[in-house]
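Before any comments, here is the structure.
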Number of protein chains: 2
Amino acid sequence: MRLSSRGEYGVRAMIHLALNYHQGFIPLSSIASAEDISQQYLEQIFASLRRSGLILSNRGVKGGYTLALPPQSIYVGDIIRVLDGPITPVGCVSDEGDEDDSRCGKSNSCLARNLWLKLRDHINQLLDSITLQDMLNWKQ
Amino acid sequence: MRLSSRGEYGVRAMIHLALNYHQGFIPLSSIASAEDISQQYLEQIFASLRRSGLILSNRGVKGGYTLALPPQSIYVGDIIRVLDGPITPVGCVSDEGDEDDSRCGKSNSCLARNLWLKLRDHINQLLDSITLQDMLNWKQ
DNA sequence: GAAAATCCAGAGTATTTTAGTATGCTTTAG
DNA sequence: CTAAAGCATACTAAAATACTCTGGATTTTC
């Protein structure tokens with residue numbers, strides 16, 4: 001039950017953008033160095049975030065990235081699902097839509113399946129209840 | 001956020017043992033074939049479960065495995081932590097004991113860290129609230 | 001309009017983890 | 001004694017992960 005580094009880095013970078021919301025576009029290089037993340041790796045991560053519409057970009061000198069929405073409208077669940085794919089504790093509960101097409105067909109696996117579904121939904125519920133702004137407010 | 005096959009298989013096998021509680025010792029071969037899991041792989045999994053005290057074994061003919069406690073006293077959290085290691089969404093929240101020795105030392109990472117802690121605890125809470133018996137009762 | 005700063009894209013690679021096999025030994029009932 | 005079972009450890013193949021590399025495209029500034 002571990003997040004990928006993409007998810008971890010992505011959340012940290014998004015917090016960085018949230019802290020600098022209203023400061024205009026922030027160059028990726030400054031985020032990468034502040035968060036100690038490889039710049040090229042972070043570029044890949046930001047490409048996913050941009051394509052999914054969570055951030056906006058400007059090219060050229062004075063370019064950079066900024067949140068597409070205010071921090072109170074961006075949920076960590078969205079960030080993590082974009083970067084790590086849907087929360088799927090085991091293969092047979094792949095996604096919300098096709099809940100019943102990928103059964104393992106085995107004897108007691110249905111009993112276990114209920115657990116995986118609960119686990120999946122439980123994790124999603126938490127991640128979909130926390131916004132970037134919530135995290136900023138945790139600052140002691 | 002995916003469970004390992006060890007965790008998945010282990011939970012399924014423990015459900016199998018729970019269903020056959022009071023039937024005495026069940027040979028691993030029958031569990032492996034019923035659940036369609038490689039016998040040798042399942043042996044490794046059961047070795048961990050036995051060393052952790054969740055199951056008991058008998059050797060020789062008529063040997064096999066059985067739950068060390070009744071199904072209502074075994075929590076899925078225990079099974080999964082034995083087989084997958086402690087729930088650790090990211091490295092810096094490695095375990096309950098040493099919460100503050102493995103900080104990343106980076107600027108905003110503490111804000112993210114609160115999230116990882118919440119996530120870790122949230123998952124553990126769910127898994128520690130469900131027993132094998134609970135899962136048997138889900139049988140429709 | 002050249003140069004520099006920035007984003008953008010896709011291929012390639014090295015490491016680690018995972019999931020499983022292989023081999024062989026030990027114990028016990030009958 | 002033999003067959004059925006558990007026990008232990010080493011090995012390996014495949015997949016996923018976490019990056020790096022290379023080269024471009026856009027935009028501001030001088």
Side-chain angles (χ1 to χ4, degrees), chain A residues 1-13 17 20 23-33 35-68 80 83-86 88-91 104, chain B residues 1-13 17 20 23-68 80 83-85 88-91 104:
Chain A
M1 294 302 283
R2 197 163 200 138
L3 217 66
S4 73
S5 68
R6 279 173 60 87
E8 178 186 353
Y9 294 168
V11 168
R12 278 166 50 195
L17 286 184
N20 294 281
Q23 312 281 320
F25 286 75
I26 313 290
L28 180 139
S29 58
S30 76
I31 306 170
S33 74
E35 294 291 334
D36 198 27
I37 299 170
S38 148
Q39 187 167 330
Q40 288 176 324
Y41 193 35
L42 194 57
E43 276 176 353
Q44 289 181 20
I45 294 169
F46 270 37
S48 299
L49 292 171
R50 183 181 49 80
R51 287 189 208 106
S52 74
L54 289 174
I55 58 177
L56 302 174
S57 65
N58 265 346
R59 288 164 83 135
V61 179
K62 296 266 190 174
Y65 295 92
T66 194
L67 297 182
I80 289 178
L83 297 175
D84 272 34
T88 303
V90 315
C104 4
Chain B
M1 295 301 282
R2 196 160 201 142
L3 216 66
S4 72
S5 66
R6 280 172 60 85
E8 178 187 352
Y9 294 169
V11 168
R12 278 167 49 195
L17 286 183
N20 294 281
Q23 311 281 319
F25 287 75
I26 312 291
L28 180 139
S29 58
S30 76
I31 306 170
S33 73
E35 293 291 334
D36 199 26
I37 299 170
S38 146
Q39 187 167 329
Q40 289 177 323
Y41 193 34
L42 193 57
E43 275 175 354
Q44 288 181 22
I45 294 169
F46 269 38
S48 299
L49 293 171
R50 182 181 50 81
R51 287 189 208 104
S52 74
L54 289 174
I55 58 178
L56 302 175
S57 65
N58 265 347
R59 288 165 81 137
V61 180
K62 297 267 190 172
Y65 295 93
T66 193
L67 298 181
I80 289 178
L83 298 175
D84 272 34
T88 304
V90 316
C104 5

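All chains are named by letter (A, B, ...) in the order of the sequence lines, taking the proteins before the strands, and each is independently numbered beginning at 1. None of the values given here were measured: they were computed from a predicted structure.
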Check: Does D:dC7 have OP1 or OP2 sitting under 4.0 Å from an N or O in the side chain of B:Arg50?
Finding: yes
Hey, what are the protein-to-nucleotides 27-30 of chain D N/O distances that come in under 3.5 Å?
from, atom 1, to, atom 2, distance (Å)
D:dT27, O2, A:Val61, N, 3.4

If you look only at distance, which donor and acceptor atoms sit under 3.5 Å apart when one is on a side chain in residues 59-66 of chain A and the other is two or more places apart or in another chain?
none

Check: Hey, does the side chain of A:Ser4 reach the backbone of A:Gly7 with a donor-acceptor pair shorter than 3.5 angstrom?
Finding: yes
Notebook entry, point to check: Are A:Arg2 and C:dT18 close enough that a side-chain N or O sits under 4.0 Å from OP1 or OP2?
Noted result: no
Margin query: Can you tell me which nucleotide in C:dC8, D:dA5, D:dA18 comes closest to the side chain of A:Ser4?
Written below: D:dA18
Notebook entry, point to check: Closest approach of B:Ala68 and B:Gly53, non-hydrogen atoms and distance?
Noted result: CB-O, 3.2 Å
Check: Rounded to whole angstrom units, what separation is found between the CD1 atom of A:Ile37 and the C1' atom of D:dC19?
Finding: 13 Å
Check: Counting just side-chain N and O atoms, does B:Tyr65 come under 4.0 Å of either OP1 or OP2 of D:dC7?
Finding: yes
Next item on the list: Strictly below 4.0 Å, heavy-atom distances to any atom of DNA chain C: list the hits from residues 38-46 of chain B, or just say none.
Entry: B:Ser38, B:Gln40, B:Tyr41, B:Gln44
Note to self: Using a 4.0 Å heavy-atom cut-off, does A:Phe25 contact any base of the nucleic acid, only the sugar-phosphate backbone, or nothing at all?
What the structure shows: nothing
Item checked: Given D:dA8, D:dA18, C:dC7, the nucleotide with the shortest approach to the side chain of A:Leu28 -> C:dC7
Next item on the list: For B:Asp84 and A:Met1, work out which heavy atoms get closest and say how close.
Entry: OD2-N, 4.4 Å
Note to self: Show, in sequence, the C-alpha distance, side-chain angles and deciding distance for B:Tyr41 and B:Ser5, and conclude whether the side-chain contact (heavy atoms from CB on, under 4.5 Å) test is met.
What the structure shows: CA-CA 10 Å; B:Tyr41 193 34; B:Ser5 66; 2.9 Å; yes
Next item on the list: Taking only the side-chain nitrogens and oxygens of A:Ser57, find out if one of them lies under 4.0 Å from OP1 or OP2 of C:dC8.
Entry: yes
Next item on the list: Select from B:Tyr9 and A:Ala47 the residue whose nearest nucleotide in DNA chain C is closer to the 5' end of that strand.
Entry: A:Ala47
Check: Between A:Ser5 and D:dT17, is there a side-chain N or O to OP1/OP2 distance below 4.0 Å?
Finding: no
